[in-house]
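Accompanying notes for the structure given below.
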Protein chains: 2
Amino acid sequence: MARAAGVSAKTVSRVVSGESNVAPATRDSVLEAALALQFRPNRLARSLRTGGVTTTIGFVVGDLSNPFYAAVAAGVERELARHGMTMLLAATEDDPAAERTVVGALLAERVRGLLLVPTAPDQSYLEAEQRLGTPVVTVDRPAHGLVADSVVLEDARGAHEATTALIDAGHRDIAFLGTSGTRSTQQHRRDGFRSALADAGLAAQPGHDLLGPYDDGLDAAARDLLAGQDRPTAVLTGDNRASASVVRALGTDLSTVAVVGFDDFELADALGISVVAYDAAAMGRQAARCLLDRLGVPADDAETELADVPPRTVLVPTRLERRGSLASTSTP
Amino acid sequence: MARAAGVSAKTVSRVVSGESNVAPATRDSVLEAALALQFRPNRLARSLRTGGVTTTIGFVVGDLSNPFYAAVAAGVERELARHGMTMLLAATEDDPAAERTVVGALLAERVRGLLLVPTAPDQSYLEAEQRLGTPVVTVDRPAHGLVADSVVLEDARGAHEATTALIDAGHRDIAFLGTSGTRSTQQHRRDGFRSALADAGLAAQPGHDLLGPYDDGLDAAARDLLAGQDRPTAVLTGDNRASASVVRALGTDLSTVAVVGFDDFELADALGISVVAYDAAAMGRQAARCLLDRLGVPADDAETELADVPPRTVLVPTRLERRGSLASTSTP
DNA sequence: TTGTAGGCGTTATCAC
DNA sequence: GTGATAACGCCTACAA
């Protein structure tokens, strides 16, 4: 390519890198030749020379077909693209044993940073990598055995607020249906549920405080909870999957039990179901921003240098979206 | 690293590349040193040396927060991961003008192949790249101005089948609500709708054959369609966004108008809404497989060499998921 | 303003 | 079975 333009490789490099000290005439002829030869600078070679500094970041997600993670990924992609970086996406299929392999594959691609939804019980294996200069930010859940930035929801506060709203609406027998006792988010949401009950001098009825883990049995658990004689007058779900199961269990007859879902979901508004909502895409954007801060890529409204601040935990706020479902015909 | 193991760089290369002609003893000491030093082979350097052959493929999608595209992406990722490849994901935000830039960014990363949901009106700009050896497969829609493999739904057939089912249920005034006249999928679905009506000697009533494009006005369009005096007795939607708008327009009073949605969606079963369903993840898997075929990566059940077959169009089947909504109280 | 030398980590080639 | 050498395409450093 360089020879085709009648200049040295270095001059081509200068042109494509946008360096200033090139004669306009030279620049033009180089650009012309580049166009003719379909020349595209090789970012791989550049990364190699500059010491493995790539423009890709890795995002390890559990299951992309979950709308929540998809929305987070959309936010990540968007924020990265704004800074000329791209997202290498890998999924663990929610298999804890797969996490390390998947992370390894991304690191072998020399990603410049790592975003991770932790699935494995322990992330200490990342410590060495972190020290070698690859920043790690966890999303949705904090890491275990690793000090890292994390972007998480106000799980407990959101659940507390929702539960309190149900209590204020007159409910006394409120149930919680979580999906997985091994997930810290589900635990925190139940904690918020319990503390709100306790604050009102109440407690969950036996069998009305469920945390799973349910794999395929979620629909059945919802049916059991809502079909019995002693069914609760209100339910708070642990996530959008649980919300879907509750709707399936109740059919379209949503007026008999008050429902608040954790996670907003499509049609929740049409069905009049109250939800604990938040901006999932913003979560992704904030996580990406955390990583970019560590990499020294300034934000648009750049003020201070954030590459060396101590590990941060960014709390993403939730808001209770009040819809018809807060009350119900069986309200006492 | 090589020196630490007391061998040459080439021997390390042989070990990590899994070549056979290495003494077991040597191999062990190399692996031991690699473990101790946190050694990770640099795929960038490898790609450089081997001529730009990377293990990443690029997937250009419109909007990841659409559950359909997210599911396709999940399928792509999964199939690629099975063969040790990773997915570089970029989004056009459904902006036709952004497509070329986004594709360019992926090509600069030297992706080995390209999966693309076409958004721009023309993809001929990819022809040179294709000839240079980067295979291109389009997903959901065929390319314009470019001969490439594509994986698409049986849009017309699916819509035809759904419409016929509504006719068979006794409906005569059936409406179609599509979201975008500039999308070939929406056009094909309406074509299927119209041909089914024609086959029965019917035609859509004025204003009951809508194709958009609606950006923010989709909810309003659904309300207008379903609120009037001359509202149809049945509706076929063009996609999941239109289905959501229809449900919002009808509220939970879904019994007054029969609805069939194109695209399955969460809770469609709970709401008793019939849908034209298909396996979106399988679509992604098939698209990835097309690309891998072109790259000479054999399938598990490898039979023939598919790298050089003429461009294929893979049709992904749809199936009508019959639920309560096929009939309605206003059925004639 | 432009060019030359050298090397990033890997692998192909050809020796030993 | 193993190693020395060169080269992939680019950039840093230093000349010219």
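Just so it is clear, the structure is predicted and the values come from calculations on it, not from any experiment. So you know, we letter chains A, B, ... as the sequences are listed, proteins then strands, and number each from 1.
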Report yes if the side chains of [X] and [Y] come closer than 4.5 Å at any heavy-atom pair, otherwise no.
| X | Y | value |
| --- | --- | --- |
| V314(B) | V152(B) | no |
| E79(A) | Q286(A) | no |
| L80(B) | F59(B) | no |

For R78(A), I'd like to know if atom CZ has over 12 heavy atoms of other residues, nucleotides or ligands within 6.0 Å. no
Listing request: all salt bridge (Lys or Arg N to Asp or Glu O under 4.0 Å) pairs with a residue in residues 94-104 of chain B, at least two apart in sequence or in separate chains. D94(B)-R183(B)
Taking salt bridge (Lys or Arg N to Asp or Glu O under 4.0 Å) as the cut-off, I'd like each qualifying pair that reaches into residues 14-27 of chain A, sequence neighbours left out, listed once. none
Please identify each residue that fulfils salt bridge (Lys or Arg N to Asp or Glu O under 4.0 Å) with [X], with sequence neighbours left out.
| X | value |
| --- | --- |
| D149(B) | R294(B) |
| E127(A) | R131(A) |
| D140(B) | none |

Quick check for you: name the first and last nucleotides of DNA chain D, 5' to 3', having an atom under 4.0 Å from a heavy atom of chain B. dG1(D) to dG9(D)
Which part of the nucleic acid does V7(B) contact within heavy-atom distance under 4.0 Å: base, sugar-phosphate only, or nothing? sugar-phosphate
S13(B) near the nucleic acid: base, sugar-phosphate alone, or nothing, with a heavy-atom cut-off under 4.0 Å? base
Angle between the end axes of the helix from dT1(C)-dA16(D) to dC16(C)-dG1(D), five pairs per end, to the nearest 10 degrees? 40°
Minimum heavy-atom separation for S47(B) and V53(B), please, with both atom names. OG-O, 3.5 Å
Kindly list each side-chain donor-acceptor pair under 3.5 angstrom involving residues 63-77 of chain B, sequence neighbours excluded, with atom names and distances?
residue: D63(B); atom: OD1; partner: S65(B); partner atom: N; Å: 3.0
residue: D63(B); atom: OD1; partner: S65(B); partner atom: OG; Å: 2.6
residue: D63(B); atom: OD2; partner: S65(B); partner atom: OG; Å: 3.3
residue: N66(B); atom: OD1; partner: F68(B); partner atom: N; Å: 2.8
residue: Y69(B); atom: OH; partner: R141(B); partner atom: NH1; Å: 3.4
residue: E77(B); atom: OE2; partner: A91(A); partner atom: N; Å: 3.0

What parts of residues 14-36 of chain A reach DNA chain D, counting only heavy atoms under 4.0 Å away? S17(A)
Can you pull the contact range of chain B along DNA chain C, 5' to 3', using atoms under 4.0 angstrom from its heavy atoms? dG9(C) to dA12(C)
In residues 40-49 of chain A, which ones come under 4.0 Å of DNA chain C, going by heavy atoms? L48(A), R49(A)
Checking the side chain of Q130(B) only, and the main-chain atoms of V147(B) only, is there a donor and an acceptor separated by less than 3.5 Å? yes
Using modelled atom types and a 3.5 Å cut-off, is there a donor and acceptor pairing between side-chain atoms of Q123(A) and backbone atoms of H144(A)? yes
Roughly how far, to the nearest 0.5 Å, is the CG atom of L291(A) from the CG atom of L115(A)? 5.0 Å
Report the residue (A9(B) or R110(B)) whose heavy-atom-nearest nucleotide on DNA chain D is the more 5′ of the two. A9(B)
Could you work out, with side chain to side chain contact (heavy atoms under 4.5 Å, CB included) as the rule, every residue matching E109(A), not counting sequence neighbours? L88(A), R43(B), T55(B), T56(B), T86(B)
